[in-house]
Amino acid sequence: MNSVLPCLFTVLEMNCVEIVDLSSDDELGEVDVKPVKLEPGTVVGSTTKQKNNHRFQPVELVKSKTQPGKQASEENKSSNNALSTGQSSTSFLEQGQSPGDDTGISSTSAVSPAPVCRQFWKAGSYEGGLGSKVTLQNSKNYLHVHPLFLHSNATSHKWAFGAIAELLDNAIDEIQNGATFVIVDKTSNPRDGSPALLIQDDGGGMDPEAMRRCMSFGFSDKKSKSAIGQYGNGFKTSSMRLGGDVIVFSRHLDNRSLTQSIGLLSYTFLTRTGHDRIVVPMVDYELNVSTGMLDVLHGREHFVSNLSILLQWSPYSTEAELLKQFDDIGAHGTKIIIYNLWLNNDGDSELDFDSDPKDIRISGDTKKVNTIPAWKAVNEQHIASRYHFSLRVYLSILYLRIPDTFRIILRGEIVEHHNIADDLKFIEYILYRPQSFGSVEATVVCTIGFLKEAPQVNIHGFCVYHKNRLILPFWQVVSYSDSRGRGVVGVLEANFVEPTHNKQDFERTSLFQKLEGRLKEMTWEYWDYHCGLIGYQVKKKSQPPASHVSSHFTGQSSAEQPVLLNQTSLDADRAKTGSADVVVKQSITNSHGRSIQGLPTKRKEPGDLANLEKLKRQAGSSANTVVQPVDTTANQSKDQETIYLMQENKKLRAKCLEYEKRREELNIKVEKLRSEVGEVQCEYDRLLAELNSLDIVKDENDVYM
C-alpha cells in the first residue's frame, strides 16, 4: 500500500482557507452541500461576538513551550513525497449565509448515518468510481486522492489493538511536551446512543496548521530521535481501521495565542455524498484576550461552510455541543472520538465494551491453547495468551519504560506497567552487536531466561521493542517438536532495525534477518545448557562451545565460580551471523544443579587453560550421553533465600539508578517550571497594567459623558 503513495499524490501549495482538500486547489466545481438553517431564535454559528457568545472557560493558562506538531500529526519522514494538503480556495457552499445572519446553522439529521457496510473488511466497495482522477489545469496535471484510499490504507492494520496502540503512540510522544496522561474509554454517539471510542491526552495540542497536517498524509512535525512514529500516516490508518468516522478536538497554547480546532475525517460523509476526492471540513477558533471570547479564524464564509458539514455528519448537531467538548481538555490537549465503529462477521461491535467494565476486549477472540488439561489454565491465563484479546493486558506491556509522571488510564482505571523481564528465572544478559559491512551497527543487551511457570507453559519467543514501543510480542523464532526451546523468553530493544508502517512487524532487511538468526541460536543455546533446571534431560554435545561450560562436569564443590569465556572461539562462532556478542552475566550452576547469578565474565587467563582442558576431556568422555540433573529437592529450602536475596538486590540496584535519573529530570523540570512561572507572572503584570489603564480611560469617558 505504501508503495503507491508517490504515484498518487503531489504536494500542493496550501492556501489560507478552511478545507483540507486532498486534491487540486485549481479544479473547477463546487461540492454540492447546502447549509441548513435553524428555526428563528436558535443560536449558534459564527463568531463569539454574536448574542450567544461562547465565553472561554477559566483554565490555568500555563505557557507551553511545545511544538505545535502534536498528537495525530504523527511523525517524521513523509512517505516518499506523500500527499497534498491543499485547502480549497473555494467554499464548499456556493451560497453560504450572509455575515449578518444571526440564525446560525444546525443539522436537521436526527441520526448521523453509518457507513453502508458496517464490517471493515467488506467496506471497501465504493460506487463513486475507483482510482485517482487526473485533471488538467493550467497545463499542469493534478491527482485526486480517492476516498477509497482511506479504507485501503487502513487495511495495513490487521489487528484492532494495533490501531489503538498507534493512537497512543502520539500521546507518548507528547510526554516531552508535558503530557501526564492518556485516556482510553468508551463514550457514546449522542445522535443514536451507539458506542464510540474516546482517546484523550493533555499534551501540547495542535494549532490550526498542525491540525491540517494531521488530517493529511505523509506530513510530520516530529523530529525527535526518540519519537515512536515515523511516517506521518498513523492517525489516518488507525482511526479508519477502528471506525468509519473520527472527529478531533485540539486546544493549543503558545506564547502568542490560544487556539481551538475541530476536524472531521469521515468515510461515511465521503461515500454517502459520492465524493471522488477526500475533503476534510475544519473550523478554527482563537481566544480574544481583550474580550475573553472565541473569534473565528479564516473568515465567516469559510467557517459557515465547514461548520455546516460538521453539524450534519458529526455526532454533534449544534456548535454549542461541539464547543462543549473542550470543557474537559484543559489549557492544552487533544480529544479524538471515533464513531460508527466497525462490526465483526457476527454483526457485533468489533470492540467489546460490555464483557469487562474495566477493559476493552476484542469480541469473540480468545486464544486457544493446546496442552495437557492440568496445564491448560496456566497457559490461558498467561500474559502471552491474554494480550491478544484484552486491551488492558496489551497496554501493560506496550512500552518498555513509562515515566512515573505519566499514566495510561483505561476506562477510568490506571493500567499497571508490566515488565516481561520480571517474569523470568535463571536470567542471562547477552550483549549483541549486529554488524553490517564490517561495522557494528548497535550494541543491544538481550535478557533471556525461562518463564517462572516453565515447564508448564507452552510459550516461548522474544518481545522485541523499537524506541520503547513493543513491535513483536513473544516472537517465535524457533519451532520445536521435542520441547527444545519451551519456556525460553527474551526481551530486547532493537532500534537498529526499522518497523513496518503498522508497527506490528519489522522491515525484512539483512540486519533483521541476522537478528532473527542470532535469536534462534540464543534460544537453542540457552535451552541446551539450562533445560535441566526445569526438569528436562540435558543432552550434552561432544564439543560444547567454550562460552557455555557447565559445572555439571567440573567436579566443583558447592562454591560458585564464574564461567570463563573463550573470546576467540566466541567471535568465530558469531562471525557467520554477522554479529558479535558476549554473555555479560551468566547463570552459574553449582554441584546441586541450581543456577544463580554470577559475576561478569571475562577472558580466560593462562592459568585457566589447564582446567579448561580437563573440562573438555571430561565432557568428551561423556559425549552423546544423557545426564540426569541432580535432585535439588533436599537443598531447595536452603538455597531459596539466597536466590531471592540476590534477585532483590539486582532489582534494588536498578531502581536506585532509575531514581537517580528521575531526580535529575525533576530538578531540570523544576527549573523550567520556575522560569515559566516567572514568564506567566510578567505576562499577568502586563495584562493587569493594561486593564488598569483601560479602567482609567473608561472613567475619563464616563466623566465627559
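What you see is a predicted model; the values in this text were computed from it and never measured.
Ser363 and Asp348 share no side-chain donor-acceptor pair at under 3.5 Å. Side chains of Asn502 and Ser156: a donor-acceptor N/O pair is absent below 3.5 angstrom, by distance only. For the residue pair Thr259 and Asp207, no side-chain donor N or O sits within less than 3.5 Å of a side-chain acceptor on the partner. For the residue pair Asp245 / Ser266, a side-chain donor-acceptor distance below 3.5 Å is found, with atom types taken as modelled. Judged purely by distance below 3.5 Å, without hydrogens or angles, the side chains of Ser261 and Asp284 pair a donor atom with an acceptor atom.
One N or O on the side chain of Thr291 and one on the backbone of Met293 form a donor-acceptor pair closer than 3.5 Å. Put simply, the side chain of Asp295 never gets that close to the backbone of Glu286: no donor and acceptor are under 3.5 Å apart. A donor-acceptor distance shorter than 3.5 angstrom exists from the side chain of Lys236 to the backbone of Cys214, with no hydrogens or angles considered. For Ser349 (side chain) and Asp352 (main-chain N/O), no donor-acceptor pair under 3.5 Å exists by modelled atom type. The backbone N or O of Ser305 sits nowhere less than 3.5 Å from a side-chain atom of Ser308 that would complete a donor-acceptor pair. Side-chain atoms of Arg212 come within 3.5 Å of backbone N or O of Pro208 as a donor-acceptor pair. Remark: the backbone N or O of Gly204 is paired with a side-chain donor or acceptor of Glu174 at under 3.5 angstrom. Counting only distance, with no hydrogens or angles, the side chain of Arg361 and the backbone of Leu351 share no donor-acceptor pair below 3.5 Å.
To the nearest 0.5 angstrom, Ile247 atom CD1 is 11.0 Å from Met282 atom CE. To the nearest 0.5 Å, atoms CG (Asp276) and CG (Leu148) are separated by 12.5 Å. Here the straight-line distance linking atom CH2 of Trp342 with atom CE of Met240 works out to 8.0 Å at 0.5 Å rounding. The NZ atom of Lys324 sits 14.5 Å away from the CD atom of Glu319 when rounded to the nearest 0.5 Å. Taken from CD1 in Ile183 to CG in Leu410, the straight-line distance is 11.0 Å, to the nearest 0.5 Å. Going from atom CZ of Arg241 over to atom CG of Leu341 covers 11.0 Å, rounded to the nearest 0.5 Å.
For the pair Phe506 and Leu472, the minimum side-chain heavy-atom distance is below 4.5 Å. Counting only heavy atoms from C-beta outward, the side chains of Phe235 and Val246 approach each other to under 4.5 Å. Annotation: side chain of Glu498 is not in contact with side chain of Leu511 (no heavy-atom distance under 4.5 Å). A 4.5 Å side-chain heavy-atom check between Leu242 and Ile338 finds at least one atom pair inside the cut-off. Using a 4.5 Å cut-off on side-chain heavy atoms (C-beta onward), Lys335 and Asp201 make no contact. By the 4.5 Å heavy-atom criterion applied to side chains, Leu258 and Tyr285 are not counted as neighbours. By the 4.5 Å heavy-atom criterion applied to side chains, Val415 and Ile409 are not counted as neighbours. Side chains of Arg392 and Ile360 form no contact here, defined as non-hydrogen atoms less than 4.5 Å apart.
When all heavy atoms of Thr268 and Thr271 are compared, the closest pair comes out as O-OG1, 3.1 Å. Taking all atoms of both residues into account, the shortest heavy-atom contact from Ala165 to Leu398 is CB-CD2, 3.8 Å. Contact record, Arg251 with Ile329: CB-CG2, 4.2 Å, taken as the closest heavy-atom pair. Smallest separation of non-hydrogen atoms from Leu391 and Ile164: CD2-CD1, 4.0 Å. Nearest heavy-atom pair across Gly203 and Ala179 is CA-CB, 3.8 Å. The two residues Gln325 and Asp328 have their closest heavy-atom pair at O-OD1, 3.3 Å.
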| task | Kindly indicate, with the supporting measurements, whether the criterion side chain to side chain contact (heavy atoms under 4.5 Å, CB included) is fulfilled by Glu507 and Thr500. | result | CA-CA 6 Å; Glu507 298 289 351; Thr500 55; 4.0 Å; yes
| task | Please step through side chain to side chain contact (heavy atoms under 4.5 Å, CB included) for the pair Asn495 and Tyr465, ending with a clear verdict. | result | CA-CA 8 Å; Asn495 295 336; Tyr465 290 79; over 6 Å; no
| Stepwise, does the side chain to side chain contact (heavy atoms under 4.5 Å, CB included) test hold for Tyr399 with Asp169? | CA-CA 9 Å; Tyr399 301 104; Asp169 290 343; 2.7 Å; yes
| Trace of the side chain to side chain contact (heavy atoms under 4.5 Å, CB included) decision for His388 with Ile362 | CA-CA 8 Å; His388 291 278; Ile362 292 182; over 6 Å; no
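Take Asp185 and apply the side-chain hydrogen bond (donor to acceptor under 3.5 Å, both in side chains) test, not counting sequence neighbours, and it matches no residue. With sequence neighbours excluded, the residues that form a side-chain contact (heavy atoms from CB on, under 4.5 Å) with Ser194 are Asn189, Asp192.
A salt bridge is absent between Arg469 and Glu166: the closest approach of a Lys/Arg side-chain nitrogen to an acidic carboxylate oxygen does not fall below 4.0 angstrom. No salt bridge links Asp359 with Arg411; every basic N to acidic carboxylate O contact stays at or beyond 4.0 Å.
Partner of Leu197 under the side chain to side chain contact (heavy atoms under 4.5 Å, CB included) criterion, out of Val184, Ile336, Thr187, Ile337: Val184 alone. The only option from Gln260, Met206, His332 that meets the side chain to side chain contact (heavy atoms under 4.5 Å, CB included) definition with Ser250 turns out to be Met206.
Residue pairs meeting the ring-ring contact (aromatic ring centres under 6.0 Å, His included) criterion with at least one partner in residues 160-202, sequence neighbours excluded, are Trp159-Phe161.
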